[in-house]
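Any value given below was found using the heavy atoms of this structure, including those in side chains, with hydrogens, waters and symmetry copies removed.
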Amino acid sequence: MVVSTQKGLSEADAFKQLIAEQGLSQETEKTAHYENQSRNTYENVLYLRPMMQDFGAKSESGAIQPWLLITSASHMYRAEKIFQMQGIEVIPVPVDYQTANSLNWTSFDLEDGTQNWHKLVHEVVGLLAYWITGKL
């Protein structure tokens with residue numbers, strides 16, 4: 001029995017929707033390729049690899065040129081390492097930095113603190129799990 005844990009749109013489908021909302025769907029329809037089968041970053045790289053080999057720019061020697069890797073700054077280290085382990089050269093473009101206009105050292109926000117700990121634990125557990133299973 002397969003149980004789906006996915007909630008809402010896949011990232012690929014959300015990106016398609018964003019492209020359409022920006023009025024770019026007709027321009028990108030013929031050149032865009034989406035992967036929406038993966039459940040995690042490792043699977044994403046495995047499913048993307050054939051697409052990258054088929055559609056990616058190649059050097060004179062036939063090697064695949066680097067791709068832009070766009071992901072949240074907190075997830076970049078693990079994502080970049082996974083691509084490297086699969087022999088895919090990427091140029092990291094971290095986004096979604098969690099910053100503020102000022103540092104407020106005297107206040108405490110339980111919800112923000114919990115979210116920050118969740119992100120940290122998620123990445124540490126992910127790194128550890130991928131290391132143990134030989135994916136990193």
Side-chain angles (χ1 to χ4, degrees):
M1 179 165 99
V2 176
V3 178
S4 175
T5 59
Q6 186 173 352
K7 298 174 185 171
L9 293 174
S10 70
E11 289 176 351
D13 292 335
F15 188 70
K16 285 181 193 177
Q17 184 176 334
L18 173 68
I19 294 296
E21 289 172 0
Q22 300 301 314
L24 302 171
S25 60
Q26 292 178 358
E27 296 172 28
T28 61
E29 193 171 305
K30 294 178 184 173
T31 59
H33 304 282
Y34 302 93
E35 185 284 303
N36 63 1
Q37 301 302 309
S38 60
R39 297 169 295 164
N40 55 49
T41 305
Y42 182 76
E43 286 182 1
N44 184 237
V45 174
L46 292 180
Y47 295 143
L48 281 174
R49 189 174 187 184
M51 263 191 257
M52 295 169 109
Q53 290 173 335
D54 289 344
F55 302 111
K58 295 183 175 68
S59 67
E60 290 179 12
S61 67
I64 299 173
Q65 297 285 41
W67 284 68
L68 293 179
L69 172 59
I70 304 170
T71 191
S72 62
S74 62
H75 180 58
M76 182 57 74
Y77 178 81
R78 181 164 47 118
E80 186 176 8
K81 294 299 178 193
I82 294 167
F83 275 91
Q84 288 173 352
M85 287 292 289
Q86 293 298 315
I88 301 170
E89 186 179 351
V90 295
I91 300 168
V93 181
V95 297
D96 191 29
Y97 284 97
Q98 304 297 310
T99 61
N101 292 331
S102 64
L103 295 175
N104 201 349
W105 296 102
T106 59
S107 71
F108 177 77
D109 185 328
L110 184 60
E111 183 178 353
D112 284 346
T114 303
Q115 289 174 357
N116 290 336
W117 274 106
H118 177 266
K119 290 175 190 172
L120 175 66
V121 169
H122 177 86
E123 285 305 313
V124 169
V125 168
L127 282 168
L128 184 60
Y130 279 27
W131 179 72
I132 289 170
T133 59
K135 295 175 183 169
L136 282 184

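Within the structure, every pair that satisfies the salt bridge (Lys or Arg N to Asp or Glu O under 4.0 Å) test and touches residues 123-133, not counting sequence neighbours, is listed here: R78-E123.
Contact check for I82 versus K135: no side-chain heavy atoms found under the 4.5 Å cut-off.
Through direct or indirect side-chain contacts shorter than 4.5 Å among Ile, Leu, Val, Met, Phe, Trp and Tyr, L128 is connected to W131, I132.
The two residues E43 and N40 have their closest heavy-atom pair at N-OD1, 2.8 Å. Scanning all heavy atoms of the two residues, the minimum distance from F83 to L69 falls at CE1-CD1, 3.5 Å. The minimum heavy-atom distance linking N44 with S38 is given by the pair N-CB, 3.3 Å.
In this structure, the separation between CE on M52 and CZ on R49 is 10.0 Å, given to the nearest 0.5 Å. Expressed to the nearest 0.5 Å, how far CD of E80 lies from CD of E89 amounts to 10.0 Å. Residue I70 holds its CD1 atom at 10.5 Å from CD1 of I91, rounded to the nearest 0.5 Å.
Shown here is Y130, whose OH atom has more than 12 heavy atoms of other residues, nucleotides or ligands within 6.0 Å.
Every residue two or more places apart in sequence or in another chain that forms a side chain to side chain contact (heavy atoms under 4.5 Å, CB included) with M51 is listed here: H33, E35, L48, F55.
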